Amino acid sequence: MSKPLPSSFFDRPTLQVAEDLIGCMLVRARDGKTERYMITEAEAYDGFDDLASHASKGRTPRTEVMFGPPGRTYIYFVYGIHWMLNVVTGPQDYPSAVLIRGIEGIPGPARLTKALGITKDLNNMILSKKTGLWIEEGPAKISSSDIQKTPRIGVDYAGPIWSKKLWRFVLSRKN
DNA sequence: GGAGTGATGACA
DNA sequence: GTCATCACTCCA
């Protein structure tokens, strides 16, 4: 099988990484089993000025991970209930990440973390087999015409400029 | 449509 | 220390 994507994959512009992640396989290894799911939905959070990004508030203990090196996990807790899985992108000291919003069979960012048993324990970890969580190339190259670009979800508070950016990527197979 | 839930950051 | 806010999901 294919190998985990190297950190160099994530050391690129965030939007490009987000789009390329569509169709890749999210792999979770635990309890002696390895599960693979195709990524079907992802969102980009990019830079200091993106008001929808936690990093726009500056460098804090929570957002520190987003400023770190690419290819790591950024996992945080929201609404007192849900875990979110992000992958850090871009260079060191530049805050950016891609939120994995959905995988095949499990739409919804909080549902997939629940299904895969992803919690704070996996925050700020390198995506690798050692971690038990990584991403591989997908079985088929996804054509850009099969990827929809839409506004991000749940970020109206960020104002019209940032909430309207088409930084959400969704796989839409056409048959 | 609205509740639930607790970490986080802002302010003092 | 307090307070408001939240990158969501579920049930009505």
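Chain A is the first sequence line, chain B the second, and so forth, proteins listed ahead of strands; every chain is numbered from 1. Everything quoted here is computed from the prediction, not taken from an experiment. Side-chain atoms are counted along with the backbone in the values below, which use heavy atoms only and exclude waters and symmetry mates.
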- Task: Mind calculating the distance between CG (A/L51) and P (C/dC6) to the nearest angstrom?
- Result: 11 Å

- Item | Atom-to-atom span, CZ of A/R111 to C1' of C/dA7 - whole angstrom | 17 Å

- In whole angstrom, give the distance that lies between atom NZ of A/K114 and atom C1' of B/dG4. 13 Å

- Note on the structure: Ranking C/dC6, B/dA10, B/dT8 by distance to the side chain of A/R62, first place goes to B/dT8

- Task: Give the nucleotide from the list C/dA7, B/dG9, C/dC8 with an atom nearest to the side chain of A/K57.
- Result: B/dG9

- Tell me, yes or no, whether the heavy-atom count around A/I161 atom CD1, taken from other residues, nucleotides or ligands under 6.0 Å, exceeds 12. no

- Which nucleotide, C/dC8, B/dG4, C/dC10, lies nearest any side-chain atom of A/I81? B/dG4

- What is the distance, rounded to the nearest whole Å, between atom CG of A/L85 and atom P of C/dC8? 14 Å

- Message: As a test of reading the structure: which of B/dA10, C/dT9, C/dA7 is closest to the side chain of A/H54, going by heavy atoms?
- Response: C/dA7

- Message: Rounding to an integer number of Å, can you tell me how far A/I153 CD1 sits from C/dT9 C1'?
- Response: 14 Å

- Query: What's the shortest heavy-atom distance between A/T40 and A/E104, and which atoms?
  - Reply: CG2-N, 3.7 Å

- Query: Between C/dA7 and A/R168, is there an OP1 or OP2 to side-chain N/O distance shorter than 4.0 Å?
  - Reply: no

- Query: What is the minimum heavy-atom distance between A/W162 and A/R152, and which atoms define it?
  - Reply: O-NH2, 3.0 Å

- Note on the structure: Side-chain atoms of A/F77 come closest, of C/dA7, C/dC10, B/dG6, to B/dG6

- Query: Would A/Y79 pass as stacked on B/dG4, i.e. its ring centre under 5.5 Å from the base's six-membered ring centre and planes under 30° apart?
  - Reply: no

- Atom OH of A/Y74 and atom P of B/dA7 are separated, to the nearest Å, by 15 Å

- A/M66 CE to B/dT8 P: how many Å, rounded? 15 Å

- Examine B/dT8: is either OP1 or OP2 under 4.0 Å from a nitrogen or oxygen in the side chain of A/K120? Give yes or no. yes

- Are A/H54 and A/Y76 near enough that their ring centres are under 6.0 Å apart? yes

- Message: Measuring from the side chain of A/A110 (C-beta onward, heavy atoms only), which nucleotide among B/dG9, C/dA7, C/dC8 has the closest atom?
- Response: C/dC8

- Message: In whole Å, I'd like the distance from the CD1 atom of A/I75 to the P atom of C/dC8.
- Response: 16 Å

- Item | Side-chain donor/acceptor of A/H82 to base of C/dA7, under 3.5 Å | no

- Message: Within the 3.5 Å criterion, strictly below it, is a donor on A/T63 or A/T60 matched to an acceptor on the partner's side chain?
- Response: yes

